[in-house]
Amino acid sequence: MVNWFKFSSPKAFYPIAGKLIPWLGVTAAALSLAGVCVGFFLAPTDAQQGEGYRIIFLHVPVSWMSMVIYLAMAFWAGIGLVFNSRLSAMMASALAPTGALFTFLSLWTGALWGKPMWGTWWVWDARLTSELVLLFLYVGFIALQSAIEDRRRADRAGAVLALVGVVNIPVIYFSVQWWNTLHQGASVSLTRAPSMAMVMLLGMLIMVLAAWAYTAAAALARVRCIILEREHHAGWLQDIEEVKR
């Protein structure tokens, strides 16, 4: 049996993360290329939305991941807060920029989609507004951690903000069911058959996997940078540098 707890220390996690990053990066690039080919060249034109619907192959994956990454960030922040785990707090910090990027892309691609479909770039719709709040939560988390010099205090403050912000995730997800909104309901659900052609669904799922792979690669690369920053006085880092030489 593999003792996974040994990777909870920066010393053990740093080298394994370095080995995973190239594989995840190549996987993300390959899946992105495949998803673009399926979504933009193989998928048929939508009967109602025409060619403009193809933005969903970017919009839907980044929207899903904006919520998933926030939950992961809050999870690691909570673990770091409860168990005083340095690596968990670092992982939460590493996830935040990618989550903010995907949330921004979700809002921007949604605006590009909304203009031809709704006739406007933005409305104070429940789904759009709660997604905008999510972007503010990401930016607030990053800004709060940057504003506090003591890293332990910064991690604790960021964890509290991240955990409080979790209440916004179900609001985003269920907003189209709880209120009358312009935003359409989910095209893919675990409780019913998908309301799109299988080739469209295939392209979307490939792009979702690409977003997962990119998120993992970016988070691991960033957490290695954070480890280097916070553990620069540690002897084990100097040993690694000597081995490289």
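Just so you know, residue 1 is the first one in the sequence shown, and it goes up from there. Being a predicted model, the structure only gives us computed values, none of them experimental.
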Do L31 and W212 have side-chain heavy atoms sitting under 4.5 Å apart?
no
Run the numbers on L24 and Y214 for side chain to side chain contact (heavy atoms under 4.5 Å, CB included), then give the verdict.
CA-CA 7 Å; L24 290 168; Y214 171 81; over 6 Å; no
Taking N168 for the side chain and V133 for the main chain, is one N or O donor matched with an acceptor at less than 3.5 Å?
no
Throw together a table of side-chain donor-acceptor distances under 3.5 angstrom for residues 35-42, partners on residues two or more places apart or in other chains.
none

All heavy atoms of A213 vs all of T27, minimum pair found to be CB-CG2, 4.2 Å
Nearest-0.5 Å distance that lies between atom CG in L220 and atom SG in C225:
11.0 Å
Flag the pair W64 / M204 as yes when at least one side-chain heavy-atom distance between them is below 4.5 Å, and no otherwise.
yes
Anything under 3.5 Å between a donor and an acceptor, one on a side chain of residues 87-105, the other on a protein residue two or more places apart or in another chain? List them.
unit_1 : atom_1 : unit_2 : atom_2 : d
S88    : OG     : S85    : OG     : 3.0
S93    : OG     : A89    : O      : 3.2
S93    : OG     : Q145   : OE1    : 2.7
S93    : OG     : Q145   : NE2    : 3.3
T98    : OG1    : R222   : NH1    : 3.0
T103   : OG1    : G99    : O      : 2.7

Do any pairs count as a salt bridge (charged side-chain N to carboxylate O under 4.0 Å, His left out) and have a residue in residues 62-81, sequence neighbours left out, and if so which ones?
none
Any donor-acceptor pair under 3.5 Å from R54 side chain to A43 backbone
yes
Residue pairs passing the salt bridge (charged side-chain N to carboxylate O under 4.0 Å, His left out) test where at least one lies in residues 93-107, sequence neighbours excluded:
none
Hey, does V167 have a side-chain heavy atom less than 4.5 Å from the side chain of V171?
no
Going by heavy atoms in the side chains, are L205 and L201 under 4.5 Å from each other?
yes
Please determine whether side chain to side chain contact (heavy atoms under 4.5 Å, CB included) holds for the pair D125 and T129, giving the CA-CA distance in whole Å, both sets of side-chain angles, and the decisive distance to 0.1 Å.
CA-CA 6 Å; D125 179 271; T129 304; 5.5 Å; no
Is any side-chain heavy atom of Y14 closer than 4.5 Å to a side-chain heavy atom of V223?
no
Nearest 0.5 angstrom please: L58 CG to L112 CG, how far?
9.5 Å
Below 4.5 Å, heavy atoms only, C-beta onward: do M65 and S106 meet side chain to side chain?
no
Taking NZ, NE, NH1 and NH2 as the nitrogens, is one of them in D155 or R230 under 4.0 Å from a carboxylate oxygen of the other?
yes
If the condition is side chain to side chain donor-acceptor pair (under 3.5 Å), which residues does R153 pass it with, not counting sequence neighbours?
none
Y138 meets the ring pair (Phe, Tyr, Trp, His ring centres under 6.0 Å) criterion, sequence neighbours left out, with Y70
Considering non-hydrogen atoms only, spot the tightest contact between R86 and P10 and give its length.
NH2-CD, 3.7 Å
Find out whether L163 and L81 are in side-chain contact, i.e. whether some heavy atom of one side chain is under 4.5 Å from a heavy atom of the other.
yes
What are the two closest heavy atoms between I55 and T109, and how far apart are they?
CD1-O, 3.4 Å
